[in-house]
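Counting starts at 1 for both ligands and their atoms, following the listed order.
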Amino acid sequence: MLLKSLCSQANILTKKTAVGLARPVSSFTAMQRRLNSTTTTDTDTFRASEIRKTPNDNLKELVPNQELVFGHTFTDNMLMVEWEAKSGWGKPVIKPYGKISLDPSASVLHYSFECFEGMKAYKDKQGRARLFRPDMNTARLRRSSERLTLPSFDTDELTECIKELVRTDLRWIPSERGYSMYIRPTLIGTSEFIGVGPSDRAMLFVICCPVGPYYKTGFKAVSLQATTDRVRAWPGGTGDSKIGGNYAPGILPQINAVKEGYHQNLWLYGENDQLTEVGTMNCFVFLKNEQGETELVTPPLNGLILPGVTRDSILGLAREWNEFKVSEREITMSEIVKAQEEGRLIEMFGTGTACVVSPIRNIGYQGKQIKVPLDPKDPNSQAGPLTRRLNDTLLSIQYGEIEHPWSVLV
Ligand SMILES: *Cc1c(COP(=O)(O)O)cnc(C)c1O
C-alpha cells in the first residue's frame with residue numbers, strides 16, 4: 001500500500017512535468033525527495049475496513065424521478081472522516097445526513113481550503129449499483145488536496161468508503177436510464193485560528209443526491225458567450241485542480257452571459273484567444289482541419305484545463321474507434337471562426353459528469369454570432385451525430401449495458 005501510494009504520487013508529478021508545466025528539475029527532485037521521506041503510518045490514511053456505521057433509521061421519502069432537481073435532494077446518510085495534524089486520520093463514519101458544525105475561524109471559511117469531486121452511481125438492469133472510473137475521481141481529489149496542503153490519503157480506501165456509502169443509500173439510486181445518484185466528496189480545512197498557513201485540521205465528507213438526466217426532453221444545444229474580459233485559469237495557477245476557490249469567481253461572467261441571452265460562457269486564454277472550458281465543462285471541437293483531415297480537438301492538459309474524467313473517456317473511445325484524428329492541442333477562436341466560414345466546422349460540445357455531453361449551437365464572439373452546426377441531416381436536431389454517439393456509448397458503459405472495465409460494480 002505504501003509503495004503503491006508513493007508510486008502513484010511520483011506518477012502524478014511525472015505526468016504534470018510531461019505536459020509542460022514549467023517546473024525546474026531541481027524543485028521537482030526536491031519535491032520527490034519530500035514525498036519519499038514522508039513516513040506512512042496507520043494514521044496517514046483512513047481505512048474503509050474501520051468504518052463505523054450508525055445509519056439513519058428515520059428514512060426520508062423518496063422523491064419521484066420526474067420531480068428531481070439537480071443537487072436539491074439529499075439521501076439519508078453521509079460519510080465523514082476527520083483529520084488532525086498531530087494524530088492523523090480518524091475512523092470514517094457513515095451517519096445520518098445533516099448539518100456540520102464549524103468554528104467561525106475555520107480555515108475553509110476564510111481562505112477557501114476546499115476541494116471537491118463530482119461522480120455518479122448508476123443502477124444497471126439487474127438493480128446493481130455501478131460507479132464510473134471512481135479511481136480517477138479519488139486520485140483527482142488527492143491531487144487537489146495536496147495542492148492546498150490539505151492531507152493526503154490512500155485513494156483506494158476512499159473509493160471503498162464511497163462504495164460502502166452507496167450500498168447504504170442504494171435505494172436512492174433511481175433505476176431509469178439517464179437517472180443516477182450524484183456523489184460529492186468534499187475535503188475542507190477546519191483549523192481553528194485566523195492565520196494564512198496550512199490547516200492543522202481537516203474534514204472529508206461525502207454526500208449524495210439522486211439526479212435526473214441533464215436534458216429531460218432530449219438534448220438542448222447551448223449558446224455560449226465567449227468571455228474576453230476575464231480568465232478562469234492561467235499558467236501556474238490552480239485551474240487544473242477541482243478547488244472551491246476556482247468556482248465562485250466564475251459566476252459573474254456566467255450571469256453576464258445569461259443576461260445577454262446566452263446559456264453559458266466560454267472561457268478563453270491568451271492573446272490568441274485559445275478555447276479552454278465551457279462554463280464548468282471541458283470543450284471539444286470536431287472539424288475538418290486545413291489539411292483536410294477530420295479531427296476531434298480538445299485543449300491540452302497544460303494547467304489551464306480541469307482534467308475531466310469524461311474528457312479522458314471521450315478521448316479514449318475516439319482513439320479506440322480510430323475513425324478520425326484525435327488531438328489534444330491548443331485551438332483558438334480564429335481557427336474556429338475560419339473553419340466555420342469555410343464550412344469545415346462540424347460539431348462542438350462540452351463534457352462533464354453532470355451532463356456527459358452538452359451540444360453547442362452558437363458562440364457570441366467580438367460582436368459576431370458564430371453558428372455551430374448540429375445535425376446536417378436533421379434541421380430540428382439538437383445534437384450532431386458524433387455528440388450523440390459519444391453520449392450513447394458512455395451511457396451504455398455507465399449503465400452496464402456494455403461490459404467495460406470503466407464501469408465498476410459496487
Ligand atoms: C468537474 C469539471 C469538469 C468535468 O470533469 P468530469 O470529471 O468530466 O466531470 C470540467 N471542467 C471543470 C472546470 C470542472 O470543474
**Report entry** Interfacing atoms of ligand 1 (cut-off 4.0 Å, heavy-atom, Met281)
**Finding:** 10 (C), 11 (N)
Report summary line: So CD of Glu401 and CG of Asp392: to nearest 0.5 Å the spacing works out to 9.5 Å
Query - Heteroatom proximity flag, Gly308 to ligand 1, N/O under 3.5 Å - result: no
Report task. Using a strict cut-off of 4.0 Å, indicate which atoms of ligand 1 neighbour a heavy atom of Val309. Result -> 6 (P), 7 (O), 8 (O)
Requested in this report: Dump the intermediate steps for side-chain contact (heavy atoms from CB on, under 4.5 Å) on Leu224 and His263, then the final yes or no.
Outcome: CA-CA 6 Å; Leu224 306 177; His263 293 101; 5.7 Å; no
Query raised in the report: Is Arg389 salt-bridged to Glu323, cutoff N-O under 4.0 Å?
Result: yes
Requested in this report: Starting from atom 3 (C) of ligand 1, find the nearest protein heavy-atom neighbour and note its residue, name and distance.
Outcome: Thr280 O, 3.5 Å
Report summary line: atom 1 (C) of ligand 1 sits nearest the protein heavy atom Lys242 NZ, 1.4 Å
Query raised in the report: Quick one: does Arg232 get a heavy atom under 4.0 Å from ligand 1?
Result: yes
Query raised in the report: Do side-chain atoms of Ser199 reach the backbone of Ala202 as a donor and acceptor pair under 3.5 angstrom?
Result: no
Requested in this report: Return yes if a side-chain donor-acceptor contact under 3.5 Å exists between Lys325 and Thr294, otherwise no.
Outcome: no
**Report entry** Residue and atom name of the nearest protein heavy atom (relative to atom 15 (O) of ligand 1), distance in Å to one decimal
**Finding:** Tyr247 OH, 2.4 Å
Report summary line: Residues passing the ring-ring contact (aromatic ring centres under 6.0 Å, His included) test with Trp406, sequence neighbours excluded, are Phe132, His404
Requested in this report: Kindly confirm or rule out an N or O of Thr310 lying under 3.5 angstrom from an N or O of ligand 1.
Outcome: yes
Report task. Please confirm whether Arg311 comes within less than 3.5 Å of ligand 1 when only nitrogen or oxygen atoms on both sides are compared. Result -> no
Query - Nitrogen or oxygen atoms of Thr351 and ligand 1 under 3.5 Å apart - result: no
Query raised in the report: Checking side-chain contact (heavy atoms from CB on, under 4.5 Å) against Cys115, which of Asn246, Leu204, Leu141 comes through?
Result: Leu141
Query raised in the report: Which one holds for Leu306 and ligand 1: side chain close, backbone close, both close, or neither close, with close meaning a heavy atom under 4.0 Å?
Result: side chain
Report task. Have a look at ligand 1 and work out which part of Arg140, if any, has a heavy atom under 4.0 Å from it: side chain, backbone, both or neither. Result -> side chain
Requested in this report: Using the salt bridge (charged side-chain N to carboxylate O under 4.0 Å, His left out) rule, pick out the option among Lys242, Arg140, Arg143, Arg184 that qualifies with Glu117.
Outcome: Arg140
Report summary line: The closest protein heavy-atom partner of atom 9 (O) of ligand 1 is Thr353 OG1, 2.6 Å
Query raised in the report: Hey, is Glu164 close enough to Arg52 for a salt bridge, meaning N to O under 4.0 Å?
Result: no
Report task. Could you check atom 11 (N) of ligand 1 against the protein and tell me its nearest heavy-atom contact, residue, atom and distance included? Result -> Glu277 OE1, 2.5 Å
